[in-house]
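Read the numbers this way: they start at 1 and go in the same order the structure lists the ligands and their atoms. Scope of the values below: all heavy atoms of this structure, side chains included, with no hydrogens, waters or symmetry mates.
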Amino acid sequence: MDSLVLTSFLKNNSGNYDAQRGTNDILLVLVDAIKEVAILMRAGELAGILGNADTENVQGEVQKKLDVVANKIFIKHLLREKKILALISEENEDPIFNSKSDDSGYVVYFDPLDGSSNIDVNGAVGSIFSIVKFSKKPTLKELLKPGKEQVLAGYSVYGPSTMLIFSSGDGVHGFTLDYESLNFCLSHERMLVPPETGEYAINTSNGRFWEPPIVQYVAECNRGVGGDRKKNFNMRWTGSMVADIHRILVRGGIFMYPKDNKVPLKEGRLRLLYEANPMSYLVEHAGGMSSTGRMRILDIVPRNFHQRIPLIIGSKIEVERIVWHHKNYDAGDGLKYNSPLFDSASFFSED
Ligand code: P6P
């Protein structure tokens, strides 16, 4: 099948190619890293890359061997590019400044391997990246830009096929890796998130810790055709946000990792800078919506590099409904939000 390879697509579709040259060059460096990770990952245990490393990341989580290896691969490739001023990685506590960089350029925020708990069970995982432009070398505080200032965002998903999905503001486009030529070939042009869906993704084992608006939303989905929504819903949860968001970009859906009271001081599970922001940029450019339930993700000014945030993202009509539930709840409206978890409004009910 003759497909447009990524480099030709960038030349044909960058509008003013020279203006986009900066981000295109960085995207191509990211692609080098993604290809190296993909080839290594395909070998699985034969390459001795499964299992835990004997280290923890900045979040105090035990790292998988491939977390560490993927991070090193991304840093190696990215620091080669003089347009890159600094890197912020999920796996590094502090920013990595590029000693060889120009005076102006870009910062890359990335999660080298998201969903790595799936690695040992051969599940889909991914790498996530976000690029912001700077007219001069940024201070630490200047690195904390809101997601609406991104100029390019994307991810790779290592599944039955290896795909690259990205947007630089003119549509969201998907490429599939041809392992013979090692070219990413255009396979999903101008991806759009259907505004409606019958599929939600949330880790329901946390249900007893959710805020009432989430309890209410999931309960009405589970009441199906006989309830307020007058339709049945399906549920998916892969344990890998990249795989869940990719499904949503392909066929619609809503992904929720809300704040829960399991750890009251923890604002959410997903990190703002290198997970929620890039995915929100993509989903908005594909016609979807992304919110904390109370605020647009891309408007949030980060407080720190590894800030966690509640994330409700996907089909617009569903995200709007959850925002509506939060508004009602915060307005003190509706006894329905104050009912105990296990009453008729509960998502455990049979009705
Ligand atoms: P849980 C992976 O670690 C991740 O950050 C996301 O990719 C994924 O959606 C989530 O955590 C899974 O969390 O609590 O279901 O294990």
>> Does only the side chain of L270 get under 4.0 Å from ligand 1, or the backbone, or both, or neither? Count heavy atoms.
In response: side chain
> When you look at K148 and D299, which way does the salt bridge (Lys or Arg N to Asp or Glu O under 4.0 Å) test go after all the steps?
Replying inline: CA-CA 6 Å; K148 61 191 170 190; D299 288 337; 3.4 Å; yes
> Can you list the residues that meet the side chain to side chain donor-acceptor pair (under 3.5 Å) rule with D67, with sequence neighbours excluded?
Replying inline: S116
> Taking only heavy atoms of F255, which atoms of ligand 1 are found under 4.0 Å from at least one of them?
Replying inline: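 Counting from 1, the qualifying ligand atoms are 9 (O).
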> Which of the atoms in ligand 1, numbered in the order shown and given with their element, are less than 4.0 Å from a heavy-atom of G115?
Replying inline: 2 (C), 7 (O)
> For N277, which of L282, I309, L298 qualifies under side chain to side chain contact (heavy atoms under 4.5 Å, CB included)?
Replying inline: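 Output: one option passes, namely L298.
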For the 3.5 Å polar cut-off, considering only N or O atoms, please tell me whether [X] and ligand 1 meet it.
{"X": "M241", "answer": "yes"}
{"X": "N203", "answer": "yes"}
{"X": "Y257", "answer": "yes"}
{"X": "R269", "answer": "yes"}

> Below 4.0 Å from any atom of ligand 1, is there a heavy atom belonging to S117?
Replying inline: no
>> If hydrophobic residues (ILVMFWY) are linked whenever their side-chain heavy atoms come closer than 4.5 Å, directly or via other members, who joins L143 in its cluster?
In response: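 Besides L143, the cluster holds L85, I88, F97, V107, Y109, V132, F134, L140, L144, L273, Y274, F305.
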> Does a side-chain N-to-carboxylate-O contact under 4.0 Å join K83 and D25?
Replying inline: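 Here K83 pairs with D25 in a salt bridge, since their nearest N and O are under 4.0 Å apart.
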>> Can you tell me how far apart CZ (R42) and CG (L177) are? Round to the nearest 0.5 Å.
In response: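 Reported to 0.5 Å precision, the distance equals 8.0 Å.
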